Amino acid sequence: MDIRQILLKYWGYSRFRPLQEDIINAVLENRDTLALLPTGGGKSICYQVPALAREGVCIVVSPLIALMKDQVLNLKNRGINAAAIYSGMSRSEMDIMLDNAVYGDVKLLYLSPERLETELLRERLKKMKVNLLAIDEAHCISQWGYDFRPPYLRIAVIRELLPGVPVLALTATATPDVVNDIQEKLGFKTKNALSKSFERDNLAYMVAKEEDKLKRLLTVTNNIQGTGIVYVRNRKKTREIAEFLQKNGVSADYYHAGLDPKTRDARQNAWMKNEKRIIVSTNAFGMGIDKPDVRFVVHIDLPDCLEAYFQEAGRGGRDEKKAYAALFWEEADIIDAKKNLEQSYPDSETLRHVYQALGNYFQLATGSGRDATFEFSISDFCNSYRFSPVIAYSALKSLQRDGYIFLSDGFNETSRLLFTASKEDLYRFQVEHPKYDGFIKMLLRMYTGMFNDFVKIDEDTIARRAEQSRENMVKMLRLLVKFGLCQYIEGSDKPKITFLTERFDVKSLNFSDKATRDLKVNAAKRLDAIIDYIRCETKCRSQLLLAYFGEKESKRCGVCDVCLERNKLSLSELEFSSMIELLKPMLKAQSLTLDQIVDSLKGKQAQKIISVIRWLIDNDKVIVDDAGLHRWR
């Protein structure tokens, strides 16, 4: 089927967005391709369409479990068979899904990067007819990237098992260094990066140094109509700010990964349907959500880096109508960010100490525990071993980054059921044990496909149908497992830890303090970049962001906070920039009066010079003392 026919049949679109068709054609020509599309640019279609255009299965590597589950559900709703394998699933579940990918009609198989090194997967990959290897969030493969994940480096090894299969790497945020690094790490034979400009000309960036952030937030919500997102750093703040908005007559709610799944879904849906105007959230909110009519995105706290900020701010105005991205900051934010950076990269001794405590906490013997998953309470863990929660969490994230464990926030794991007995053996059991006959028949009527695959079930629904308590239904299901008839995996919404390797003796663990220092240095550079961004008051916000991502020749946006002030000067871009270049070294070298400045810039219009000086004073770039001397701050 032609790619445009596929797009129309499954997505209902008559044409592709800019660059999508070029990316798809490059893949269909078997060329390794790196696609750089901004947030909301339609990255998923770039691998989903070619997956359907060819015989076989597309392997999609993605680090985000919630996003994988959403993608699978969306594809199934469109009539496309998809599956996902991620940390925390049982071996039997993975086994069945891989079998379906080898012998069944699965078109897209999503994998978390931690699953790439399992022998089970590698053996099945050799039997699969793979038509494409898609790498989502491809910046994770680069140590220069803002979310480096060492398990991504194993993708290059997987490529060796798939000779002739093209790679499509996708990301929304990558600096020039990261663009080159991605292609090198993935073994591109020929460099081939296709990118759309990162410019968002309908998005007005605004930065304000603000002590009373809540008052300023209220001004934004009162002056800008439509829905919005407010990002904060911690869970407690989400509730506090949502309650502040509610008390001031603004329809708002809060969202974070610590809420139970039903609450999260309800709040997300209420916001999506415009029943709630504003959602206050940690960065757990927004990934994979395509709401086109977000009119403003406000950051109350300083993001870790420009990559994260650009992605989150980019959730505004996807309908290409005017939207605003505001960032409020104060000096304390910078102090907190630098302190957080120091605590985020623990040394090897701390990592060994936390790893040893983790093995003891779950009573794992050395050499055991590979692929074992446990519910996990970080507060109980810290209390048991007297760890600082911040240090412990940073160490756990480092252990995850190095591929020893996988730590998940609470997300909704629905219960699943698979009948392992044959239909004949099950029938024989029902005849011999009539007390279970009605229950089994009810299950088979309610759910189909349970002899071939794990099927999601809901114990509450089963209990209502049977007019029994939920506890009784769970007990019955567990008894069926004891009889050897089925596998029953009970759902949970609690955080979990999965051991990706067997437990090692801490003496054999090889943590590199140098590698940690390198990561920390890179993170510090990214933090410096966002600090420079918020402090800069003389250059267009859009130009600053675009330059960071390698677009050096962009034009002034004319609508950010800096440009709005600049517009009052009635000066061209060239005139303003040339005067800044002349004034800055003069006033850094010495203090001058206004007359001395005008006289030293002969040939320039005095009024224009005075206008620029006033603008620099208003924006705290130039200070004036009692004697009327001007000096660069």
Side-chain angles (χ1 to χ4, degrees), residues 18-19 22-23 33-41 43 138-139 142-147 169-184 188 191-207 303-314 317 325 327 521-567 569 571-585 588 612 615-616 619 621:
L19 206 64
D22 293 334
I23 294 166
T33 303
L34 169 58
L36 293 103
L37 289 171
T39 301
K43 293 190 295 295
H139 55 267
S142 173
Q143 67 176 8
W144 310 110
Y146 73 99
D147 193 19
L170 307 108
T171 182
T173 49
T175 62
D177 285 342
V178 173
V179 167
N180 289 328
D181 203 29
I182 290 170
Q183 295 176 85
E184 183 180 321
F188 279 32
K191 287 191 175 181
N192 181 34
L194 300 179
S195 62
K196 182 183 175 184
S197 173
F198 285 88
E199 184 177 12
R200 293 288 306 277
D201 54 13
N202 66 313
L203 196 57
Y205 297 100
M206 309 179 77
V207 176
D304 291 327
C305 59
L306 285 176
E307 289 93 336
Y309 175 68
F310 188 78
Q311 273 206 339
E312 290 159 9
L327 195 165
V521 167
N522 291 334
K525 288 178 181 176
R526 290 191 293 274
L527 179 58
D528 287 343
I530 197 162
I531 291 171
D532 289 344
Y533 173 78
I534 62 173
R535 286 195 185 281
C536 183
E537 295 170 334
T538 60
K539 191 171 180 67
C540 166
R541 302 287 177 198
S542 178
Q543 284 183 312
L544 286 169
L545 288 168
L546 293 174
Y548 182 77
F549 292 113
E551 296 183 39
K552 306 292 186 183
E553 304 300 323
S554 60
K555 294 180 180 179
R556 205 161 59 89
C557 72
V559 294
C560 70
D561 60 303
V562 175
C563 285
L564 289 177
E565 288 298 316
R566 281 275 310 278
N567 294 344
L569 299 179
L571 290 173
S572 70
E573 175 78 11
L574 183 60
E575 286 177 312
F576 182 85
S577 297
S578 63
M579 286 191 186
I580 293 291
E581 288 176 10
L582 291 168
L583 287 167
K584 187 173 182 178
K588 275 197 166 184
V612 173
W615 186 89
L616 291 169
N619 287 276
K621 304 307 291 182

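In this text the structure is predicted, and so the values were computed from the model without any measurement.
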### Flag side-chain contact, heavy atom, 4.5 Å: Asp177 against Ser142
no
### Message
Using the side chain to side chain donor-acceptor pair (under 3.5 Å) criterion, which residues pair with Glu312? Sequence neighbours excluded.
### Response
His299
### By ring-ring contact (aromatic ring centres under 6.0 Å, His included) - contacts of Phe576 (at least two apart)
Trp615
### Message
Could you work out, with ring-ring contact (aromatic ring centres under 6.0 Å, His included) as the rule, every residue matching Phe198, not counting sequence neighbours?
### Response
Phe310, Phe549
### Task
Please examine the side chains of Leu545 and Leu306, heavy atoms only from C-beta on, and report whether any two atoms are closer than 4.5 Å.
yes
### Nearest atoms (heavy-atom pairs only) where Cys563 meets Gly558
SG-N, 3.3 Å
### Query
Of all heavy-atom pairs between Leu34 and Ile182, which one has the smallest distance, and what is that distance?
CD1-CG2, 4.1 Å
### Summary
The side-chain contact (heavy atoms from CB on, under 4.5 Å) partners of Lys555 (sequence neighbours excluded) come to none
### Task
Not counting sequence neighbours, list each pair that qualifies as a ring pair (Phe, Tyr, Trp, His ring centres under 6.0 Å) and has a residue in residues 525-545.
Tyr309-Tyr533
### Task
Could you check Asn192, Leu37, Leu170 and say which one makes a side chain to side chain contact (heavy atoms under 4.5 Å, CB included) with Ile23?
Leu37
### Task
Quick one: list whatever passes side chain to side chain donor-acceptor pair (under 3.5 Å) with Glu551, sequence neighbours left out.
Ser197
### Task
Determine whether Lys191 and Asn180 make a side-chain contact, defined as any pair of heavy atoms from C-beta on separated by less than 4.5 Å.
yes
### Query
By side chain to side chain donor-acceptor pair (under 3.5 Å), which residues pair with Arg556, not counting sequence neighbours?
Asn567, Glu573
### Task
Begin from the C-alpha positions of Leu544 and Asp532 and carry the test side-chain contact (heavy atoms from CB on, under 4.5 Å) through to its verdict.
CA-CA 9 Å; Leu544 286 169; Asp532 289 344; over 6 Å; no
### For the student: nearest non-hydrogen atoms of Asp181 and Gln143, plus distance
OD2-N, 3.8 Å
### Query
What residues, two or more places apart in sequence or in another chain, satisfy side-chain contact (heavy atoms from CB on, under 4.5 Å) together with Asn202?
Arg200
### Task
Could you list the residues that satisfy side-chain contact (heavy atoms from CB on, under 4.5 Å) with Asp304, not counting sequence neighbours?
Arg233, Asn340
### Message
Tell me if a side-chain donor or acceptor on Gln183 pairs with a main-chain N or O of Val179 at a distance below 3.5 Å.
### Response
yes
### Query
Hey, does Thr173 have a side-chain heavy atom less than 4.5 Å from the side chain of Val178?
no
#### Entry: Heavy-atom pair of closest approach, residues Ala547 and Lys552
O-NZ, 3.3 Å
### Query
Between Leu327 and Pro303, which heavy-atom pair has the shortest distance, and what is it?
CD1-CD, 4.0 Å
#### Entry: Main-chain N/O of Cys536 paired to Arg541 side chain as donor or acceptor, under 3.5 Å
yes
### Task
Quick one: pull up CD in Gln311 and CG in Asp147 and give me the separation to the nearest 0.5 Å.
9.5 Å
### Summary
Shortest non-hydrogen pair, Cys305 vs Arg526, comes out as CB-CB, 3.8 Å
### Query
Can you name the residues that form a side-chain contact (heavy atoms from CB on, under 4.5 Å) with Ser195, not counting sequence neighbours?
Leu36
#### Entry: Sequence-distant partners of Glu307, side chain to side chain donor-acceptor pair (under 3.5 Å), two or more places apart
Tyr548
